[in-house]
Each structure stands twice: as structure tokens, then as C-alpha cells.
Amino acid sequence: NANKDKVGNYSFQFDGTADYVATGFTGEVHSCSFWFKPDAEINTSTGYGCFIGFEDGSPYMGIYFGAIVSGITDELITVYGGGLGNKSYYSQTGGTISADWHHLVISWTGTQYNIYLDNVNKFTDNYPALSSVDVIDATRCDIGCCIYGGGVNGAFSGLISEVCIFDYELSAANVTTLYGDATDGVG
């Protein structure tokens, strides 16, 4: 797929207020891959938002960006698994994610979610310091926000494209294939 321009490939545009796509998916999320382009830079002091939510209500299962967990410093991407104390995250002091197109993959290894940003595994740790986190068992799947109590929470502002959910762990080689290369775009 020689896709150098994700916008030309039918990406979803979200306004950061109440836009989302309810997919109808339920089940275990072993891996998830998508492209995103935020309307503004994401940094360690950015208020949190949700790329994809997997449940209506606590414990907020989903893939988040920005500062969301009070016990983690400098988080950029957080994956909430089953249970409030069940997170894998990527943090970096002074880190940023530019307002350009990025590829994000989460992949459950059985003990953690690896977090690949632009084909690089950025997994930092589990929180709290757990030896493992549970796989996400989605009761719903909403692109662009997390639904909480029937309402939109953490709405994303920007573009999301090429969302794929897998029922198996993606290897680093699988992630590279999905990422593609700078010449041809996505794999």
C-alpha cells in the first residue's frame, strides 16, 4: 500500500469534543495498530485524552495520551488493561509527540503491553510496579474517546486512520511491516 498521505486514505477526523466511532467490537485486545495525527503536540503536561476506549465505565480500559495517572511522571502513552492498577506506559522526561502522523502499536506479551511508537518499542514500565498486567477484555470499542457512564470522556482532537485489532501478540517484525518505510508509507 503506497500510502504516503494518511488523510487520502479515509482517516477519521475528531474535533476533541464529542466525536467518536463506535465499532461494535468486543473481545480480547492482544494487539492494536493505528496511525494518528494530533491537532497539537502531545507533551508530558498535556491533559489526557483517549485514542481508543474499550469499556463504558471504570476501569477506563483503553489507549491514552498525556498526563492521566497521578503516580506516573512524564507519561506520554498509557495503556489501561483490566483494573485501575493495571497499566503499561511510556514516559520520557521532557518528551513530546509532534503534531505529525505517527504509528502506534500496543502488543500484549502476557505480562505487559509493549508500546511501539513509529516502529520503536517505547515501553517504560507497568504501574504500579506489577510483574504483569491483564489483557484488555473489551466490552465495547470506541475510536476517538473513552465512553464513561454513557458520556464522552477524553475526546481526541486530530486524525486517526488504519485501526486494526488483533487477537494475538504482534512481533517486532509484524510492527515493522505495519509501519512500512518512509518511501512507501504504511506496509
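For the single chain, residues carry numbers from 1 onward in sequence order.
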[X] [atom1] to [Y] [atom2] distance, which is reported to the nearest 0.5 Å:
X: S88; Y: I77; atom1: OG; atom2: CD1; answer: 12.5 Å
X: I72; Y: T44; atom1: CD1; atom2: OG1; answer: 13.0 Å
X: T139; Y: D137; atom1: OG1; atom2: CG; answer: 8.0 Å
X: T109; Y: E169; atom1: OG1; atom2: CD; answer: 6.0 Å
X: I52; Y: I160; atom1: CD1; atom2: CD1; answer: 6.0 Å

Would you mind telling me which of F34, Y116, W35 makes a ring-ring contact (aromatic ring centres under 6.0 Å, His included) with H103?
W35
Member of Y127, Y64, Y48 meeting the ring-ring contact (aromatic ring centres under 6.0 Å, His included) criterion with Y80
Y64
So do [Y] and [X] actually touch side chain to side chain, heavy atoms under 4.5 Å?
X: L76; Y: I97; answer: yes
X: C32; Y: I63; answer: yes
X: F156; Y: C145; answer: no
X: L104; Y: F51; answer: yes

Worked check of side chain to side chain contact (heavy atoms under 4.5 Å, CB included) between D142 and R140:
CA-CA 7 Å; D142 300 297; R140 64 181 294 144; 2.5 Å; yes
From CA spacing to verdict: side chain to side chain contact (heavy atoms under 4.5 Å, CB included), V105, L170
CA-CA 9 Å; V105 173; L170 292 177; 3.8 Å; yes
Would you confirm whether W108, through its side chain, and Y168, through its main-chain N or O, come within 3.5 Å as a donor-acceptor pair?
no
Single hit among T124, N43, T93 for side chain to side chain donor-acceptor pair (under 3.5 Å) with D74:
T93
F14 ring center within less than 6.0 Å of Y20 ring center:
no
Give a yes or no on whether the ring-centroid distance for Y113 and Y89 is below 6.0 angstrom.
no
Can S107 and F123 be said to form a side chain to side chain contact (heavy atoms under 4.5 Å, CB included), step by step?
CA-CA 10 Å; S107 185; F123 170 79; over 6 Å; no
Please enumerate all residues that pass side chain to side chain contact (heavy atoms under 4.5 Å, CB included) together with D167, with sequence neighbours excluded.
none
Applying side chain to side chain contact (heavy atoms under 4.5 Å, CB included), can you list everything that pairs with F25, at least two apart in sequence or on another chain?
T23, V29, A138, C141, I165
Distance alone, cut at 3.5 Å: any donor-acceptor contact between the side chains of N174 and T177?
no
Give the C-alpha distance, both sets of side-chain angles, the deciding distance and a yes or no for side chain to side chain contact (heavy atoms under 4.5 Å, CB included) between D15 and Q13.
CA-CA 7 Å; D15 65 9; Q13 183 172 7; over 6 Å; no
Go through it in stages, so that I can follow the logic: the residues are H102 and F36, the test is ring-ring contact (aromatic ring centres under 6.0 Å, His included), and I'd like the CA-CA distance, side-chain angles, deciding distance and then a yes or no.
CA-CA 5 Å; H102 297 279; F36 71 95; 5.5 Å; yes
